[in-house]
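Since the structure comes first, as structure tokens, the remarks are kept for the end.
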2 protein chains.
Amino acid sequence: MRVLVVEDDPILLDGIKVGLALGGVTVDGVATCADARAALATSRFDAIVLDLMLPDGSGLDVLGEMRGRADATPVLLLTALDETADRILGLDSGADDYVGKPFDLDELAARVRAVARRHAGRAAPLMLAGAIALDPSTLSVTVAGEPVSLSRREFSVLAALMERPGMVRSKGEIEDRLYGWQEEVESNTVEVHIHNLRNKIGRTAIETVRGLGYRMRSAT
Amino acid sequence: MRVLVVEDDPILLDGIKVGLALGGVTVDGVATCADARAALATSRFDAIVLDLMLPDGSGLDVLGEMRGRADATPVLLLTALDETADRILGLDSGADDYVGKPFDLDELAARVRAVARRHAGRAAPLMLAGAIALDPSTLSVTVAGEPVSLSRREFSVLAALMERPGMVRSKGEIEDRLYGWQEEVESNTVEVHIHNLRNKIGRTAIETVRGLGYRMRSAT
DNA sequence: TGTCACCTTAAGCCAGCCTTAAGCCGCGGA
DNA sequence: TCCGCGGCTTAAGGCTGGCTTAAGGTGACA
């Protein structure tokens, strides 16, 4: 198992490395958002331990970028602040778990294990649904081989739907995916994006399930 | 979304109910391990909030039994003790998340959401009755392999019947399933839905037991 | 600083679903 | 054989929820 740890305190980082290594985990450690992005661009991890307060930004940004491009690698957040607001923000923005400092190394290791175990068995790089292909790594979408250009929001909506073709996603879930949920959009944004998406990728690709949400047509 | 909350403190239980209800979650509350087992035996939930310390035993026992029979319903543990040992024990015994009292209601709601969302899409029980297959995870129904499109209410009625093929369900039970167990509809709605269902999935699939209710024909 | 794409908001329209209600049918008991 | 009750069928009406369109705002980029 390979885990990326993003933590700017070198002492803490070392401690985590040792703690996880005892459980047979391979650890890559970086200290900044920039390095984290570089690591994510070049390697695949089974889980990521992510500090929120980093010298060059917030870990939430990195997390948001990942989820935005449909990278589902499990993320465990780490923060000095034990504030409820942070926890909610983190969980709703796509984190899989949360640990507040100070924490116990054994507990962290257990949670990393749990989170990675949960994730195992998923993760397909290229998502397919009928004639539509979505590549999270290049942020590109093709319909019957033809490339289609989508805006950022459109891409996120489509990614949310394609993560599990055939499965119904509620508008609320999709909204949670687009925003951190606490932005609480008071309108029919999702409907509008769905509408625009349908114009671009074909009118029948996204099915409406009245009262429940939307789903990708998985069968052709 | 339907959640079972197992908590013996009535005040806390009430608070949780209200907190979750605000997020559009239907909550069933019980106070003992015994009641929890009964609820689990008769109903299906999207997530379970489980107190560890209960008057007639530990929530861990209930969790253990569930996992023992391969019930993968996501479980969020709740306990007064904020001890690391408990956390690890809980996570490693198959819980999906952990919240220590005192906790914030918003946080609990966010975690329940996160845990249920994570779970959705795995472990499709796929209910069968004769040529009819109902997949709760994709909300889809097929008859002899052919997909059939049902409205939300029709789906609920069918799901209620297929939960236990061969078993009679009264109109009252089905109504309770469609609406919260109050709201008392003053008409023959269920009969109408049954009628429409029969038109869609085949006239013989649902059998009428005069004076008692309806049941699925389990055998072909 | 101006332009452009994109996102959000809002409003009106439309369709499908749910409920209600009324009349009919058939089973079972007298 | 007749009657009553429970279930079946049908159709109408209201309403919710989704679709569509358009306008205004905002941020990026030149």
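Owing to the predicted nature of the structure, the values given are computational and were not obtained by experimental measurement.
Among the nucleotides C:dT9, D:dT9, D:dC19, the one closest to any side-chain atom of A:Glu191 is D:dC19. The side chain of B:Arg198 lies closest to D:dC8, out of D:dC8, C:dT8, D:dT20. Minimum atom distance to the side chain of B:Thr208 is reached by D:dC8, of the listed C:dC7, D:dC8, C:dC18.
For B:Leu212 and C:dC27, the CG to P distance is 17 Å, given to the nearest whole Å. To the nearest angstrom, P of C:dG16 lies 12 Å from NZ of B:Lys200. When the C1' atom of D:dC8 is taken as reference, atom CG of B:Leu197 falls 14 Å away, rounded to whole Å. When rounded to the nearest whole Å, the span between CD1 of B:Ile194 and P of C:dC18 equals 14 Å. Distance, B:Arg153 CZ to D:dC15 P: 16 Å, rounded to whole Å. Atoms CG (B:Asn196) and C1' (C:dT19) sit 12 Å apart, rounded to a whole Å.
Contact annotation: B:Arg152 does not reach the phosphate of D:dT16 (side-chain N/O to OP1 or OP2, under 4.0 Å). Applying the 4.0 Å criterion to OP1 and OP2 of D:dC8, one finds that B:His195 has every side-chain N and O outside that range. Side-chain nitrogen and oxygen atoms of B:Tyr214 include at least one within less than 4.0 Å of the OP1 or OP2 phosphate oxygen of D:dC8. At the phosphate of C:dC17, neither OP1 nor OP2 sits under 4.0 Å from any side-chain N or O atom of B:His193. The side chain of A:Lys171 places an N or O atom within less than 4.0 Å of a non-bridging phosphate oxygen (OP1 or OP2) of D:dG18.
Side chain of B:Glu163 to main chain of B:Ala160: no donor-acceptor pair is present (N/O by atom type, distance under 3.5 Å, no hydrogens or angles). In this structure, the side chain of A:Lys200 does not engage the main chain of A:Leu150 through any donor-acceptor pair within 3.5 Å.
Between A:Gly211 and B:Val192, the one whose closest nucleotide on DNA chain D sits nearer the 5' end is B:Val192.
For D:dT20, its base sits under 3.5 Å from the side chain of A:Asn188 at one donor and acceptor pair at least. Judged by atom type and distance alone, A:Arg210 does not reach the base of C:dC18 through any side-chain donor-acceptor pair under 3.5 Å.
We find that A:Glu207 and A:Arg217 are not joined by a salt bridge, their nearest charged nitrogen and carboxylate oxygen being 4.0 Å or further apart.
Between B:Val112 and B:Leu76, the shortest heavy-atom distance links the atoms N-CD1, 3.8 Å.
At a threshold of 4.5 Å between non-hydrogen side-chain atoms, the residues B:Arg37 and B:Glu65 count as touching.
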